[in-house]
Amino acid sequence: MKSLKHRNNVEKAQLLAGLFPEEMPGILSDIAVRAQYLKEHREDLQKTWDNGLLTFPFWEDLAQRVEQAMEKYQSRLLERPRLFADQLFDGYNALFTIDCIVKYAEAGNGSKPFRLAVDMLFSYHA
């Protein structure tokens, strides 16, 4: 088995989805809400955007790509951890999806073991 530090985002996401299938509906719902919020509050968010690494249009594009993947695969994302991981955590899509999942867990959503797993897999502490 690969160590955590040798796993990529897709592998980590597949592990998370496989260990916590009961959490997937809440995660997908939260991601959809965050993507919709981004669309509805586009102008306000763009005015206050302060991420020096990513432009707002790039972030907006990531949210749209993740949302499109969720619409295309719908319930299959819940049933197949590998599809969930491949569609939402591959390449740059992972930036938006990981941000959503970390915020979801930090807000106290999901079981305590799930929140600990999210922290272990996706929260990068110095």
Side-chain angles (χ1 to χ4, degrees):
M1 176 184 263
K2 277 186 179 180
S3 69
L4 260 181
K5 72 178 187 176
H6 291 104
R7 289 179 185 257
N8 62 35
N9 288 327
V10 172
E11 293 166 331
K12 290 176 183 180
Q14 185 177 359
L15 179 62
L16 185 72
L19 290 172
F20 300 99
E22 69 282 359
E23 303 288 355
M24 293 304 105
I27 289 170
L28 292 174
S29 176
D30 189 69
I31 293 169
V33 166
R34 290 178 189 281
Q36 186 63 36
Y37 183 88
L38 192 63
K39 282 194 284 192
E40 291 173 359
H41 298 90
R42 181 185 190 284
E43 291 177 15
D44 293 334
L45 291 170
Q46 191 168 18
K47 288 177 190 173
T48 60
W49 189 256
D50 67 352
N51 187 320
L53 297 175
L54 304 172
T55 66
F56 183 78
F58 182 68
W59 190 251
E60 192 175 33
D61 181 59
L62 293 177
Q64 183 179 20
R65 289 171 26 192
V66 167
E67 188 176 43
Q68 287 170 344
M70 289 173 49
E71 288 172 3
K72 181 176 180 179
Y73 295 103
Q74 297 180 3
S75 64
R76 289 181 284 175
L77 295 173
L78 298 172
E79 299 159 1
R80 298 179 23 209
R82 181 64 193 205
L83 182 65
F84 169 81
D86 283 340
Q87 293 302 312
L88 305 183
F89 290 84
D90 190 36
Y92 290 119
N93 285 0
L95 296 172
F96 182 77
T97 309
I98 290 170
D99 184 67
C100 290
I101 287 180
V102 168
K103 287 177 178 172
Y104 177 81
E106 286 176 347
N109 297 302
S111 65
K112 185 172 183 175
F114 167 78
R115 293 191 308 270
L116 291 171
V118 169
D119 188 49
M120 177 183 67
L121 293 168
F122 299 114
S123 296
Y124 305 106
H125 304 288

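If you read the sequence from its start, that first residue is 1, and numbering goes on from there. No hydrogens, no waters, no symmetry mates; every other heavy atom, side chains included, goes into these values.
I27 has its side chain within reach of F114: a pair of non-hydrogen atoms, C-beta onward, lies under 4.5 Å apart. Counting heavy atoms from C-beta on, the side chains of L77 and M24 never come closer than 4.5 Å. Residues Y92 and R65 form a side-chain contact, since some pair of their non-hydrogen atoms from C-beta on lies under 4.5 Å apart. You'll find the side chain of R34 reaches within 4.5 Å of the side chain of D30, heavy atoms only. Q64 is not listed as a side-chain neighbour of K39, based on a closest heavy-atom distance of 4.5 Å or more.
With a 6.0 Å radius and a threshold of 12 heavy atoms from other residues, nucleotides or ligands, E43 has its CD atom at or below the threshold. F58 CZ: more than 12 foreign heavy atoms inside a 6.0 Å radius.
The minimum heavy-atom distance between A94 and N9, with the atom names listed, is CB-ND2, 3.7 Å. Closest of all the heavy-atom pairs between E11 and K2 is OE2-NZ, 2.7 Å. Residues I31 and C100 come closest through the heavy atom pair CG1-CB, 3.7 Å. The two residues M120 and L4 come nearest to each other via the heavy atoms CG-CD1, 3.5 Å.
Rounded to the nearest 0.5 Å, atoms CG (L121) and CG (L116) are 10.5 Å apart. Here the straight-line distance linking atom CG of L54 with atom CZ of F96 works out to 12.0 Å at 0.5 Å rounding. Distance CD/E79 to CD/Q74: 11.0 Å, rounded to 0.5 Å. Note: L38 CG to Q46 CD = 10.0 Å, rounded to the nearest 0.5 Å.
Among residues at least two apart or in separate chains, side chain to side chain donor-acceptor pair (under 3.5 Å) pairs with a member in residues 104-116 are E23-S111.
Clustering ILVMFWY residues whenever any of their side-chain heavy atoms sit less than 4.5 angstrom apart, transitively, puts L19 in the very cluster that holds I98. Taken together through direct or relayed side-chain contacts under 4.5 Å among Ile, Leu, Val, Met, Phe, Trp and Tyr, Y37 and I101 form part of one hydrophobic cluster.
Taking the six-membered ring for Trp and thresholds of 30 and 60 degrees, W49 and W59 have ring planes inclined between 30 and 60 degrees apart.
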Extract all donor-acceptor atom pairs below 3.5 Å that involve side chains of residues 83-90 and protein atoms in other chains or at least two apart in sequence.
from, atom 1, to, atom 2, distance (Å)
D86, OD1, R82, NE, 3.1
D86, OD1, R82, NH2, 3.3
D86, OD2, R82, NE, 3.1

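The ring pair (Phe, Tyr, Trp, His ring centres under 6.0 Å) check on Y73 picks up nothing, with sequence neighbours excluded.
Between S123 and D119, the side chains place a donor N or O and an acceptor N or O closer than 3.5 Å (distance only, hydrogens not considered).
Checked by atom type and distance alone, the side chain of T97 pairs as donor or acceptor with a backbone atom of N93 at under 3.5 Å.
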